Protein chains: 2
Amino acid sequence: MARPSLTRDEVLDTAANLVRQHGPEALTMRKLAAELGTAVTSIYWHVGNRESLLDALVQRTVADLGEFRPVGRTPAERVVSLARILRRRLRAHPHLIAMAHERGLTERMFLPAREALVREVHAAGLRGARAAEAVRAVQFQVVGFVLVERNRERAPVQQPAQETTAYDDPALARAFARPVNEERLFVTSVRALTRSLLEND
Amino acid sequence: MARPSLTRDEVLDTAANLVRQHGPEALTMRKLAAELGTAVTSIYWHVGNRESLLDALVQRTVADLGEFRPVGRTPAERVVSLARILRRRLRAHPHLIAMAHERGLTERMFLPAREALVREVHAAGLRGARAAEAVRAVQFQVVGFVLVERNRERAPVQQPAQETTAYDDPALARAFARPVNEERLFVTSVRALTRSLLEND
DNA sequence: ACCTGAACACCGTTCAAGT
DNA sequence: ACCTGAACACCGTTCAAGT
């Protein structure tokens, strides 16, 4: 006993815990079964297979990202604030990003913020296809940035990358030698992109 | 016989072929050994293990990306052209992007283009830390975009994503319903980012 | 220096059988 | 409707033994 009846939610919860603590590669059907105190095969009845289990995990997490309340006085400022919120929320689930990416669910990750972004782009005076393109540009930018950034974190040695070229610009060489300030680079990038996109020329 | 002596390069070549034809997940040590006509364990002598084999594959491919010759009259135009070249080269190796990413080698992918980018940013009048930041912003943008884009291609059903919200902008709703024109979105994004970054204000 | 087969410790998944 | 154990078809890797 001690196991009244296995539910799909229980499977998902336990799986989510395993992922949170040891990463997605540690989530094997057999370990999960052990954790749940059931036979491996029981899991299959509830979630189909490993792939759809991970899919479900990603979807649940993305759905839980919460609401997006922008701050700032101009639409551009508010877009930047939305980007920062989305980045922070995604980074709060360290494994989500890679998991969603590996499962082809990257796009899902920026859907929660889309509505809020549309509102700001509208406020800036863009409509129709032009507005949609601006929203998509920001979405690709934010999610792409977070993907690259997360990747750098778990990157290996981070070799100096044969910094042979001198560039005739010592300050630039020093800047490249320093580690990247990601928050700063992110804000600079999003601000630069947004400024151009929201210009009504 | 028929196998005079196994070399590291031969292992890498055959592995690269397997990946090109069937994707990285099809590259198992056992299949590779069968393809090579050797014992599985021989491979280990030459390349260490599966992980470093894939690392070597990524590095070799990235090193083969070739030179970057920008076109255009203004630095901004030339930066955009560099971004397009890099994107095209990366997309020419469909599995490279995901492989590099999964291995924490994402950063490697944009090193070949860095030197050329620095030149243009210098030509635009930026120096030092400011120039380095502009280069990095473009690099993150390009690689992030390609990551997101590649991911969308192998994405599942591409569910309409509960397009419940009406937005009060039918043209925008239609734009979101249409598939993304990625080349166009890419150029728009890079151009927008570059324009702001290269402004000397 | 290079190659081998056997063995270990894992996987995900299927399926017939149980209650 | 739900759970089980046994079995299948894979993996990557190690290691002692060969030449």
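Sequence lines set the chain letters: A, B, ... in the order given, protein chains first and strands last, and positions in each chain run from 1. This one's a predicted model, so the numbers in the text were calculated from it and none came from an experiment.
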Pi-cation contact, B:F68 with B:R119 (under 6.0 Å, within 45°): no
Rounded distance in Å between the P positions of D:dA9 and C:dA9: 22 Å
Distance in angstrom units between A:E25 CD and C:dC10 C1', rounded: 15 Å
Pair A:T188, B:E133: side-chain N/O donor-acceptor within cut-off below 3.5 Å: yes
B:R84 charged N/C atom sitting above B:F186 aromatic ring, 6.0 Å / 45°: no
Dot-bracket encoding per residue of DNA chain D, Watson-Crick/G-U cut-off under 3.5 Å, | denoting interstrand: ||.|||||...|||||.||
Nearest-Å distance for atom pair CE/P, residues B:M29 and D:dT13: 6 Å
Ionic contact status for A:E182 with A:R87, cut-off 4.0 Å: no
Steps toward side chain to side chain donor-acceptor pair (under 3.5 Å) verdict (B:N17, B:T14): CA-CA 5 Å; B:N17 270 331; B:T14 311; 5.9 Å; no
Closest listed nucleotide, where the reference is the side chain of A:K31 and the choices are C:dC11, D:dT14, C:dC3: C:dC11
For nucleotides 5-7 of chain C, print each protein N/O atom paired with a nucleotide N/O atom at under 3.5 Å, atom names and distance only.
unit_1: C:dG5; atom_1: O6; unit_2: B:T41; atom_2: OG1; d: 3.0

Note: B:R60-B:D13 ion pair, threshold 4.0 Å (strictly below): yes
A:S42 side-chain N/O to D:dC2 phosphate OP1/OP2 under 4.0 Å: no
Residue list, side chain to side chain donor-acceptor pair (under 3.5 Å) with B:H95, at least two apart or on another chain: none
Members of residues 46-56 of chain A that approach DNA chain C, where some heavy atom sits under 4.0 Å away: A:N49, A:R50
Spacing of A:W45 atom CH2 relative to C:dT14 atom C1', expressed in whole Å: 17 Å
Which atom pairs, one a donor and one an acceptor, fall under 3.5 Å between side chains of residues 69-76 of chain A and the rest of the protein, sequence neighbours left out?
unit_1: A:R69; atom_1: NH1; unit_2: A:E67; atom_2: OE1; d: 3.4
unit_1: A:R69; atom_1: NH2; unit_2: A:E67; atom_2: OE1; d: 3.4
unit_1: A:T74; atom_1: OG1; unit_2: A:E77; atom_2: N; d: 3.1

B:I43 CD1 to D:dT14 P, straight-line distance once rounded to whole Å: 14 Å
Nucleotide C:dC3, atom C1' - distance to CG of B:L36 in whole Å: 13 Å
Pair listing, salt bridge (charged side-chain N to carboxylate O under 4.0 Å, His left out) test, anchored in residues 38-54 of chain A, at least two apart: A:E51-A:R103
Residue A:Y44, side-chain heavy atoms: nucleotide from C:dC3, D:dC3, C:dT14 that is nearest: C:dT14
Stacked cation flag B:R114 on A:F176, 6.0 angstrom / 45 deg: yes
salt_bridge(A:E153, A:R150) N-O dist < 4.0 Å: yes
